[in-house]
Amino acid sequence: MLDINTLNLKYGQSQILHDVSLSAPAGQITCVTGTNGVGKTSLLKAIAGRHPFSAGTLSVDGKDLPPGKPAIMAQSGIGYVPQGREVFPLMSVEENLQTGFACLPKSDRRIPDDIYDLFPVLADMKARRGGDLSGGQQQQLSIARALVTRPSVLLLDEPTEGIQPNIIQMIGRTIQLLRDRGDMAIVLVEQNFEFAYGNADHFHVMQRGRITEAFSKQDATKDRLLASLAL
């Protein structure tokens, strides 16, 4: 579903990503992991169009997409859940969800019923302001807002950061359900090792802006992954 080939990204004169290549198939969770500052968030921002990559190609379902065009990326099926959630604090939960309509044709501008099935707490808080929600509730809102866009590729940047354990478990069950539907590729950036190992199907280890190792879960024991992260 998502294919990236030799992607390079620069901030000014500093090169952040070096020839990054990965594929994220539909119906699977692809985890990008590594220590702080290795370029994981920059990679997701490049995929989402927030930062224009300087070289390489990015395609969704075989269609090449231009760098630095977030509206085109969203219209092409890329849903982005940023680190920090970026909920609009003065808008209601329902209004936050409706911001996902911007990339949809008018005929699809409605909140799918399954959004509230996945996140029942949002149904009870439609009229509450986003800024009044707890951290865990805001994370659910951020994921739900991305799902409103009907993505074929879902990017999740540190979805467990600052979240209480019961909500982490619920988010894990939710992304497993989305994976099992089979029509969506999920790219997960996560430093919570147990969450990443428990949910991902494939792992890409980043170091200094490069993918240094890539392997499937069936080939990766916990010890092997931990050893890769320790290098």
- prompt: Does Tyr80 have Lys45 sitting over its ring (NZ/CZ under 6.0 Å from centre, angle to axis within 45°)?
  reply: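 Cation-pi check for Lys45 and Tyr80: fails.
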Are Lys217 and Tyr197 in a cation-pi contact, defined as NZ or CZ under 6.0 Å from the six-membered ring centre and within 45° of the axis?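 Yes, a cation-pi geometry holds between Lys217 and Tyr197.
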Donor-acceptor pair, distance only, cut-off 3.5 Å: does the side chain of [X] make one with the backbone of [Y]?
X      : Y      : value
Glu161 : Glu158 : no
Asn192 : Thr160 : no
Asp64  : Ser59  : no
Lys40  : Val32  : no
Asn8   : Thr6   : yes
Glu213 : Val205 : no
Ser142 : Arg85  : yes
Thr33  : Glu190 : yes
Gln138 : Gly135 : no

### Ion pair Arg150/Asp183, N-O distance below 4.0 Å
no
- Please step through ring-ring contact (aromatic ring centres under 6.0 Å, His included) for the pair His204 and Phe215, ending with a clear verdict. CA-CA 7 Å; His204 289 74; Phe215 40 79; 8.6 Å; no
- Evaluate side-chain contact (heavy atoms from CB on, under 4.5 Å) for His51 paired with Leu9, printing each intermediate quantity in order. CA-CA 8 Å; His51 292 317; Leu9 176 67; 3.9 Å; yes
Which pair of non-hydrogen atoms, one from [X] and one from [Y], has the smallest distance, and what is that distance?
X      : Y      : result
Ser92  : Glu95  : N-OE1, 2.9 Å
Ile171 : Pro159 : CD1-O, 3.8 Å
Met184 : Pro151 : CE-O, 3.6 Å
Ser76  : Lys63  : OG-NZ, 4.0 Å
Ser42  : Tyr11  : OG-OH, 2.8 Å
Ile211 : Ser21  : CG1-O, 4.1 Å

Derivation and outcome, side-chain contact (heavy atoms from CB on, under 4.5 Å), residues Leu7 and Leu43: CA-CA 9 Å; Leu7 203 71; Leu43 174 60; 4.0 Å; yes
- Could you please spell out the steps behind the side chain to side chain donor-acceptor pair (under 3.5 Å) verdict for Thr99 and Asn96? CA-CA 5 Å; Thr99 62; Asn96 267 276; 5.4 Å; no
To the nearest 0.5 Å, how far apart are CG in Leu122 and CG in Asp117?
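Between atom CG of Leu122 and atom CG of Asp117 there are 11.5 Å.
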Please name the residue in the list [options] that meets the side chain to side chain contact (heavy atoms under 4.5 Å, CB included) test with [X].
X      : options                : result
Leu154 : Ile78, Val81, Leu2     : Val81
Val60  : Leu65, Ile47, Asp3     : Leu65
Ile163 : Met170, Gln169, Gln139 : Gln139

Check your understanding: So with a 6.0 Å cut-off around CZ of Arg109, is the heavy-atom count from everything else above 12?
Key ->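 More than 12 heavy atoms, drawn from other residues, nucleotides or ligands, come within 6.0 Å of this atom.
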Practice task
Give a yes or no on this: more than 12 heavy atoms of other residues, nucleotides or ligands lie within 6.0 Å of atom CG of Asp113.
Solution key: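 No, the 6.0 Å shell around CG holds no more than 12 heavy atoms from other groups.
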### Task
Evaluate the criterion side-chain contact (heavy atoms from CB on, under 4.5 Å) for residue pair Arg145 and Glu86; output intermediate values, then yes/no.
CA-CA 11 Å; Arg145 181 177 57 192; Glu86 296 184 9; 4.3 Å; yes
Trace of the salt bridge (Lys or Arg N to Asp or Glu O under 4.0 Å) decision for Arg129 with Glu94: CA-CA 9 Å; Arg129 294 190 306 182; Glu94 187 169 26; over 6 Å; no
**Request:** Kindly determine whether Met125 and Leu133 satisfy side-chain contact (heavy atoms from CB on, under 4.5 Å), including the steps that lead there.
**Result:** CA-CA 9 Å; Met125 297 185 171; Leu133 272 58; 4.2 Å; yes
